[in-house]
Amino acid sequence: VARRLSLRKHPECHSMAGGKAIEHLAQTGNQELLTFRLPMQQYRNCDFSFSGLQNLVNNAIVQKEKEEGIQEGEILSCVKDVAAAVQHAVAVHIIQRTYRAMLFCIKNSILPSKNATLVVSGGVASNQYIRKGLQNLAAANDFALLCPPPRLCTDNGVMIAWNGIERLRAGLGVLHSTAGIRYEPR
């Protein structure tokens with residue numbers, strides 16, 4: 001969506017990654033000016049998919065470009081509202097699907113009845129709007145929320161190392177056996 005909105009050309013976002021630019025612009029946008037149908041509402045499972053949402057957003061952007069009489073690649077006057085609406089739709093989709101997964105795990109006794117923890121990492125965990133929504137979801141269901149600091153959420157190597165640190169702190173170890181492990185520093 002950031003690429004389609006040409007956010008690299010936006011004066012506030014030229015040096016930001018796409019997700020960060022969407023989050024930044026969404027802070028001052030009105031998410032209610034555009035509404036996007038949430039993906040996969042007909043499926044009662046825990047799967048995520050954003051392809052349908054992406055198509056809806058692309059169509060809305062094309063429509064707005066026509067209304068404003070601008071070419072693809074130019075910045076829409078309503079770019080902040082589009083960013084806010086997209087961020088909100090993505091957050092709601094993630095929260096709904098995560099809630100389904102939590103209910104499934106509780107129903108099937110996959111999680112402990114007390115002290116259940118929702119762990120969120122990766123780029124999605126660096127978005128404060130989504131993180132806040134997941135925090136509310138976790139709190140409403142008596143789950144703890146565990147997220148790495150946002151600065152560690154965009155580098156897979158750091159996230160894997162952080163997971164290893166947490167496992168060591170919990171006394172779980174990282175490997176059952178180091179026999180046969182080869183590594184070469186680069």
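As the structure is a computational prediction, the values presented were derived from the model and not from experiment. For this chain, numbers begin at 1 and follow the sequence in order.
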Please say whether more than 12 non-hydrogen atoms of neighbouring residues, nucleotides or ligands are located less than 6.0 Å from CD in Q42.
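Yes, CD of Q42 has more than 12 neighbouring heavy atoms, counting only those of other groups under 6.0 Å.
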Quick one: side chain to side chain contact (heavy atoms under 4.5 Å, CB included) partners of S49, sequence neighbours excluded?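 S49: side chain to side chain contact (heavy atoms under 4.5 Å, CB included) contacts with M40, S51.
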Do [X] and [Y] come within less than 4.5 Å of each other through their side chains, counting heavy atoms only?
{"X": "H88", "Y": "Y129", "answer": "yes"}
{"X": "L33", "Y": "C78", "answer": "no"}
{"X": "L34", "Y": "K64", "answer": "yes"}

Atom [atom1] in [X], atom [atom2] in [Y]: separation rounded to 0.5 Å?
{"X": "Y99", "Y": "N141", "atom1": "OH", "atom2": "CG", "result": "5.0 Å"}
{"X": "Q54", "Y": "N59", "atom1": "CD", "atom2": "CG", "result": "10.5 Å"}
{"X": "L5", "Y": "I22", "atom1": "CG", "atom2": "CD1", "result": "5.5 Å"}
{"X": "E74", "Y": "K9", "atom1": "CD", "atom2": "NZ", "result": "7.5 Å"}

field: Steps toward side chain to side chain contact (heavy atoms under 4.5 Å, CB included) verdict (L53, V57)
entry: CA-CA 6 Å; L53 179 60; V57 172; 4.1 Å; yes
Answer yes or no: is there an ion pair linking E23 with R131, defined by an N-O contact shorter than 4.0 Å?
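No, this pair does not count.
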Sequence-distant partners of F48, ring pair (Phe, Tyr, Trp, His ring centres under 6.0 Å), two or more places apart: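 For F48 the ring pair (Phe, Tyr, Trp, His ring centres under 6.0 Å) partners, ignoring immediate neighbours, are H93.
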Would you find a donor on one side and an acceptor on the other, under 3.5 Å apart, between the side chain of N30 and the backbone of D81?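 Answer holds: no.
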| query | Under the 3.5 angstrom rule, does the side chain of R3 hit a backbone N or O of R8 as a donor-acceptor pair? | reply |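 Between the backbone of R8 and the side chain of R3 there is no qualifying donor-acceptor contact (under 3.5 Å).
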Just do the side chain to side chain contact (heavy atoms under 4.5 Å, CB included) check on L7 and M16 with the steps written out, would you?
CA-CA 9 Å; L7 296 186; M16 294 180 187; over 6 Å; no
Subject >> Residues clustering with V92 (ILVMFWY side chains joined when closer than 4.5 Å, directly or via others) >> reply: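 Noted: V92 shares its cluster with L38.
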Out of L111, L137, T117, L134, which one pairs with F143 under the side chain to side chain contact (heavy atoms under 4.5 Å, CB included) rule?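 Only one option passes, and that is L111.
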